[in-house]
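All values below come from the heavy atoms of this structure, side chains included, with hydrogens, waters and symmetry mates left out.
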Amino acid sequence: MTAAQRRGRKIMMTPGELDAFLAGQRTCRVGTVSADGAPHVSALWFLWDGTALWLYSVVRSRRWADLRRDPRVAVAVDTGEEYGELRGVELSGAVETVGEVPRSGELCAELDAVETRFARKYFDLDTLPHDGRHAWLRLLPEKVVSWDFRKLGPQ
């Protein structure tokens with residue numbers, strides 16, 4: 001169950017706007033907490049399927065180590081330069097690993113559609129090339145907060 005957005009309702013995205021926005025963006029910023037409590041933020045490509053945010057992460061990374069120890073994550077996707085153009089979404093919750101680690105292309109029905117869409121989005125291919133360095137993380141967000149300052153009108 002996703003928590004309802006309480007603040008900024010005037011500028012929050014509708015479910016359709018949120019889906020279209022996330023489908024059209026390419027890069028997110030993933031926030032994790034290291035073992036010593038230090039925050040860590042890194043950029044990553046993602047796929048939104050309408051319910052879950054899929055992250056394809058290098059398994060020998062600080063991000064991966066942080067999330068294996070503590071699966072809680074905050075992810076931000078945003079765009080815009082001028083104040084009245086700012087749009088974005090923050091998703092938070094706990095990630096889970098899907099498929100083998102690292103991913104070698106072993107059959108996994110749960111990843112078929114995800115990998116096909118990801119390959120098309122980022123590589124213009126029908127099949128995702130597996131390099132044995134990445135694995136999938138799925139975030140079923142517990143909380144989603146969105147904003148679209150264009151809804152405020154001329155400033």
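No side-chain heavy atom of Thr32 sits less than 4.5 Å from a side-chain heavy atom of Asp70. Side-chain atoms of Phe46 and Leu139, non-hydrogen and from C-beta on, never get closer than 4.5 Å to each other. Using a 4.5 Å cut-off on side-chain heavy atoms (C-beta onward), Leu67 and Val73 make contact. Annotation: side chain of Thr116 is not in contact with side chain of Thr127 (no heavy-atom distance under 4.5 Å). A heavy-atom distance below 4.5 Å is found between the side chains of Trp54 and Leu111. Put simply, the side chain of Thr79 reaches to within 4.5 Å of the side chain of Phe21, judged on heavy atoms.
Under the rule for a side chain to side chain contact (heavy atoms under 4.5 Å, CB included), the partners of Ala94 that lie at least two apart in sequence or sit in another chain are Pro71, Glu142. Applying the side chain to side chain contact (heavy atoms under 4.5 Å, CB included) criterion to Ser61, with sequence neighbours excluded, gives Ser57, Val58, Arg63, Trp64. With sequence neighbours left out, the salt bridge (Lys or Arg N to Asp or Glu O under 4.0 Å) criterion links Asp131 to Arg133. Residues satisfying the salt bridge (Lys or Arg N to Asp or Glu O under 4.0 Å) test with Arg62, not counting sequence neighbours, are none. The salt bridge (Lys or Arg N to Asp or Glu O under 4.0 Å) test applied to Arg120 returns Asp126, not counting sequence neighbours. Residues passing the side chain to side chain contact (heavy atoms under 4.5 Å, CB included) test with Val33: none are found, sequence neighbours excluded. Applying the salt bridge (Lys or Arg N to Asp or Glu O under 4.0 Å) rule to Asp148 yields the partners Arg150; only residues at least two apart in sequence or on another chain are considered. Applying the ring-ring contact (aromatic ring centres under 6.0 Å, His included) rule to Tyr56 yields the partners Phe118, His134, Trp136; only residues at least two apart in sequence or on another chain are considered. Residues satisfying the side-chain hydrogen bond (donor to acceptor under 3.5 Å, both in side chains) criterion with His40, sequence neighbours excluded, are absent altogether. Taking Lys151 as the reference, Glu17 meet the side-chain hydrogen bond (donor to acceptor under 3.5 Å, both in side chains) condition, with sequence neighbours excluded.
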Anything under 3.5 Å between a donor and an acceptor, one on a side chain of residues 84-92, the other on a protein residue two or more places apart or in another chain? List them.
unit_1 : atom_1 : unit_2 : atom_2 : d
Glu85  : OE1    : Glu81  : N      : 3.1
Glu85  : OE1    : Glu82  : N      : 3.0

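Residues Ala135 and Val101 share a closest heavy-atom pair of CB-CG2, 4.0 Å. Annotation for Ala119 and Leu128: closest pair CB-N, 3.6 Å, computed over non-hydrogen atoms. The minimum heavy-atom distance linking Cys28 with Val77 is given by the pair CB-CG2, 3.6 Å. In this structure, Asp49 and Arg117 approach most closely via the heavy-atom pair CA-NH1, 3.5 Å. Of all non-hydrogen atoms in Gly99 and Thr97, the two that sit nearest each other are O-CG2, 4.0 Å.
The environment of Arg72 atom CZ is sparse: at most 12 non-hydrogen atoms of other residues, nucleotides or ligands sit within 6.0 angstrom. By the 6.0 Å contact criterion, CG on Asp124 is open, its count of non-hydrogen atoms from other residues, nucleotides or ligands being 12 or less.
Connection of Val145 to Val41 is not established within any shared hydrophobic cluster, with ILVMFWY side chains joined at heavy-atom distances below 4.5 Å, either directly or through further cluster members. No path of Ile, Leu, Val, Met, Phe, Trp and Tyr side chains, each step under 4.5 Å between heavy atoms, connects Leu140 with Leu47, placing them in separate hydrophobic clusters. One hydrophobic cluster, built from ILVMFWY side chains closer than 4.5 Å, holds both Tyr122 and Val30.
With hydrogens and angles ignored, the 3.5 Å screen pairs no side-chain donor or acceptor of Glu100 with any backbone N or O of Leu107.
For the residue pair Glu115 and His130, a side-chain donor N or O sits within less than 3.5 Å of a side-chain acceptor on the partner.
Every pair passing salt bridge (charged side-chain N to carboxylate O under 4.0 Å, His left out) that includes a residue from residues 21-31 is listed here, sequence neighbours excluded: Arg29-Asp78.
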Checklist line | Check against side-chain contact (heavy atoms from CB on, under 4.5 Å), Leu152 and Lys10 | finding: CA-CA 8 Å; Leu152 295 174; Lys10 182 176 181 181; 4.2 Å; yes
